[in-house]
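Below is one structure; the comments refer to it alone.
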Amino acid sequence: MKVSSLLVAGALLSPATLTAQTTASFDRTKPPALGKTPTLHLPAIQRSTLANGVGIQLVGQHEVPLVQVTLVIDGGSRLDGAQPGLAGFSSRMLTEAAGTRDANALQSELAFIGATLNTGALADVFIVSLNVPKRSLGAALDLMADVTLRPQFRAADIRRQRDLALAGILQRKDQPTQIASLAFNQIIFPAGHPYHNSSAGDSASIASIDSARVRAFYNASFVSSRARFIVVGDVGKAELESLLASRFSAWKSGATPLTIPTVSVQPRSNASTQLYLVDKPGAAQSVVYIGNPGADRRSPDYPAISVMNTILGGSFSARLMSNLRETKGYTYGVSSSFRWAPVAGPFAISSSVRTNVTDSSLVEIFKELRAIRETPVSTAELDRAKAYIALALPARFETNAEIAGQLVDLGTFSLPLSSVRDFGARVNAVTAADVQRVARQYMQADRETIVVVGDLAKIRAGIEALKLGTITVLDVGAVAR
Amino acid sequence: MSVPRLLLKGILLAATAATATTVTLTPARADAQAKAAAKSHSNATAQKISVPFAIDTLPNGLTLIVHEDHSTPVVTTNVWFHVGSGDEQPSRTGFAHLFEHLMFMGSKNAEYPQFDRLLEAAGANNNGSTTNDRTNYYEDGPSSALPLMLWLEADRMGWLLPTMDKPKVDLQRDVVKNERRQSYENQPYGLVADYDSKLMYPAGHPYSWPVIGSMADLSAASVDDVKNFFRQYYAPNNATIVVAGDVETAEVKALVRKYFSEIPRGPKIDRPSPQPFTVHDTALTLEDRVQLPRLYLNWHTVKGWADDDAELDIAAAILAGSRTSRLTQALVYNGEIATNVFARQSGKRLDGDFSIVATARPGKALDTLRTVIDAEIRRLAAEGPTVRELDQAKNALEASFLRRIESVAGKANQLNSYFYQTGKPDSFQADLDRYRNVSAADVQRVVRKYLQTNRVMISVVPQGKTELAAKKGVTQ
């Protein structure tokens, strides 16, 4: 692989000489061997704690003068209770008006110092995320503290943002992929399960939210006892501690924070395959979702499932892509995924397929689902999938946002940083038998939930003829409600 | 418009980070100063951005640009071919992008499906994308994969045709048609792509058709088209390759010469300059299966890096770049007649256009939005922006420059882009300076010159609701 210094000087040679030399010097028909596998360097985390108990994790990165400050608060959409979308909507209202500034003054100041400040709710945590050039870190943290600790929730802002959120919910009816995803999660996670609703909520729920409701929710959920800072970028430990202490040390936990509920509703378990069709007259394609409740992130099978999914539909050369896109030409893309969460999230195969091959696409997808359960994967596939995952681990720690994202994830699952290295080792230990076992255990080939959004006048007869299972037609208005 | 081989789901939001980039800070501004700057002059004069690189031109015309960044053991290989949809024959629209797909279908020494399989087995990802002006291909992975990446890129640059055949063309034709369905036909408002280029640019102009092309033209593409296109455009003298990451420059130069030197130089490419033209003032109404009406306004402007290009970018930021920008305030937050609004100067290699896109709130007609937009354009033309507006736009832009140099993949693509546009890969500072030098009077001038003239207006309304469409208006 290393090339002689003579070739480096090749610019001085005539093209002909050079060509002769280069062709003679190696065998082009063989791919070059890979270089030495890079070592996975995990970032050094400096830890400290504010006087009120809020933890700080800092990873110093000093080559670009930017700082990423992420405040993570346990809770998130799991705290929605009977009001879908409450956590997401309330957390987005923090940046409307805060401290002494109205929403416009706040946003103008952020833009002026080149900062971005975003707030929101994921399934299990709230996030307040600041990205700012180092020279404006202090000014930006002033605004971040206002937003986190002193939001105003003015009635006029809440009403306007509520109307905008409702317009967004209305537009979900235009998006076949959103309709399919909403329907799929509503079905496999029954009402009462935290993943039944999208974090955006539904129109009835959002319409009933007012500033009093948002304020009460904020007071009971944005509490310091559940918060931690993850900071990555061009700042030292002492400087950061001082910047955060003066702004966040006085933050107290609320008197009666909302209890983070345990999950009492079980995900759906089909006795046989169930089909759900949503009509989209004139659709150019059919959107297909096939799957079942998956696994949780702390499962000991996480590495084996990751390998299995990579082979089935988690990479470009995966079986589903090779079949439906690269052999049959039915689609632009098809993928499978497990959504990793503290409790089992969905496993789903999804694709947009040409209308007139909707039934054939279902046949091929089930063929692949069965094949990976019934026959051990080849050594070549296994080795490729393991390398694809394990060798890409260093790239997860390139940028500030990527490092912060890894630390947020690990914290959500109460996993140490060293688990990333362990994960690489465990991936490399996965066997073909492991892949087959988890394929059987976590994918219910004969008891799947199928959602198809498309032009039913053109696709229904073909789907019925497959006799995959019971068919139910859903109304788009009931799904994207 | 950029059309990828495969749409990546769940792309991470902008990153931040560990790089070997030289960013020299001149007097850092303290917090108090940053606040005070609200009233004074722009603080956008604080730092100089430089991305060091080495360049090598092979005898066959291939240009190599290397940027070392040893902070993470990753490497990115980013190849630009200077060919895009603008080089297509008018009866073969969509061909440059279809060709991009065929570049993954195997070559003489790496037959299908080895390209993806070998890279995945090395822990690397890859993709490509096509625009009006260029086609790019890239691999991101651990630094150990560099020789493999270069060998694969060389094989398809030099030896794509020996394994090319009709079944491959037919298959990717189907895939691209599926992509067109997924990204346009099955998307709300997606049908606009079939009209805006055609109405903006005169027949025969390289930008008068969309990158994705038409179904009929895709159907007509033949293996001979593929061969001719490859011989004409996929030659080393029409390509640049950037390697960035945890690599040694001398080793990269040697590897590139080893794998690419044998590929013969291609023909010189003549690209006649398009004729000057004037846009016809146009109003078109389209009905679609959508809940909310949306208004598209397009003006003819200037190409990238031309005089007025940066000024128009700043004008776009002042009109719709932030929560407090003028149209955002007037339409979304004060007027409450729109759900969102975007503005953009799109300076391409040969020409440019400026667009404003706004979606109506439920129950609002697009002519109401159009009236407000026209009034705001008149006000900006009459009064120009405030110092605060101008400084805010520049500061936000400067921060976005920093975020752009966070990953080696981002830097690599930018180095290729700058080289194509200016001939100088490290144009980061020069680019930033273009924006820093824009004055309030400049913004006022370009708004008058470009946004108070003929335009193409497209109203997309829910089916049967043509009364919600906008009417031709005047911005003067």
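To find a chain, count down the sequence lines: A is the first, B the second, and so on, and within it residues start at 1.
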When rounded to the nearest 0.5 Å, the distance separating OG1 of A:T399 from CZ of B:R403 is 12.5 Å
Rounding to 0.5 Å, atoms CZ (A:R354) and CG (B:D174) come to a distance of 5.5 Å
Can you find a pair of side-chain heavy atoms, one from A:R172 and one from B:Q291, that are under 4.5 Å apart? no
Counting heavy-atom pairs under 4.5 angstrom with chain B, the leader among A:K328, A:H41, A:K280, A:Q161 is A:Q161
message: Just so I know, are the side chains of A:P65 and B:L402 near enough to count as touching, which here means a heavy-atom distance under 4.5 Å?
response: yes
Whatever's closer than 4.5 Å to a heavy atom in chain B on A:T177 counts as neither
On a heavy-atom basis, the closest approach of A:R28 and B:A154 is NH1-CB, 4.1 Å
One should read off an interatomic distance between A:S317 OG and B:F104 CZ, to the nearest 0.5 angstrom, of 13.5 Å
Okay, B:Y333 and chain A: the region with an atom under 4.5 Å from a heavy atom over there is both
What one should report as the nearest heavy-atom pair of A:L391 and B:G123 is CB-CA, 3.7 Å
Residues B:N178 and A:Y330: closest non-hydrogen pair is ND2-C, 3.1 Å
Q | Any donor-acceptor N or O pair under 3.5 Å, side chains A:T95, B:R323 | A | no
Review point. With distance as the sole test, does A:E398 use its side chain to make a donor-acceptor pair with the main-chain N or O of B:V408 at under 3.5 Å?
Key: yes
Rounded to the nearest 0.5 angstrom, the CD-CZ distance for B:E389 and A:F112 is 12.0 Å
Given A:I389, A:D383, A:D163, the one with more heavy-atom pairs under 4.5 angstrom with chain B than any other is A:D163
Greatest number of non-hydrogen atom pairs under 4.5 angstrom with chain A, of B:A122, B:A396, B:A110, falls to B:A122
Looking only at heavy atoms, the pair that brings B:E120 and A:S315 closest together is OE1-OG, 3.4 Å
Identify whether NZ of Lys or CZ of Arg in B:R181 sits under 6.0 Å from the centre of the six-membered ring of A:Y332 and within 45° of that ring's axis. no
When you compare the side chain of A:L170 with that of B:P362, does any pair of heavy atoms fall below 4.5 Å?
yes
Among B:G410, B:A399, B:A121, B:S143, the residue with the most heavy-atom pairs under 4.5 Å to chain A is B:A121
So, the part of B:Q329 with a heavy atom under 4.5 Å from chain A: the answer is side chain
Problem set entry | Pairwise side-chain contact, B:V332 with A:L164, heavy-atom cut-off 4.5 Å (strictly under) | yes
The interface call for A:P176 against chain B, heavy-atom contacts under 4.5 Å, is side chain
Ranked by heavy-atom pairs below 4.5 Å to chain B, first place among A:L166, A:T39, A:T116, A:L40 goes to A:T116
Value for CG (B:N395) from CG (A:L110), rounded to nearest 0.5 Å, stands at 12.5 Å
Basic-acidic side-chain contact under 4.0 Å: A:R135, B:E398: yes
Open item on the list: Ignoring hydrogens and geometry beyond distance, is a side-chain donor-acceptor pair present between A:Y388 and B:N125 at under 3.5 Å?
Closed with: yes
Cut-off 4.5 Å, heavy atoms of chain A, and the answer for B:E185 is both
Does a side-chain heavy-atom distance below 4.5 Å link A:Q171 with B:T359? yes
When the 4.5 angstrom heavy-atom criterion is applied to B:L148 and chain A, the contacting part is both
Residue set satisfying salt bridge (charged side-chain N to carboxylate O under 4.0 Å, His left out) with A:R160, at least two apart, ordered chain then number -> A:E96, A:D157
Residues at least two apart in sequence or cross-chain that pass side chain to side chain donor-acceptor pair (under 3.5 Å) with B:T324, listed by chain then number, are B:S322, B:Q392
> Tell me, do A:E381 and B:R117 make a side-chain contact under 4.5 Å, heavy atoms counted?
Replying inline: no
NZ/B:K108: more than 12 non-hydrogen atoms of other groups inside 6.0 Å:
no
Most contact-rich option vs chain B, by heavy-atom pairs under 4.5 angstrom, among A:A111, A:P394, A:A103, A:G233, is A:A111
Residue from A:G282, A:A392, A:G405 scoring the most non-hydrogen pairs under 4.5 Å with chain B is A:G282
For A:D174 and B:V290 the tightest heavy-atom approach is OD1-CA, 3.4 Å
If one checks every heavy atom of B:R361 against chain A at 4.5 Å, the contacting part turns out to be side chain
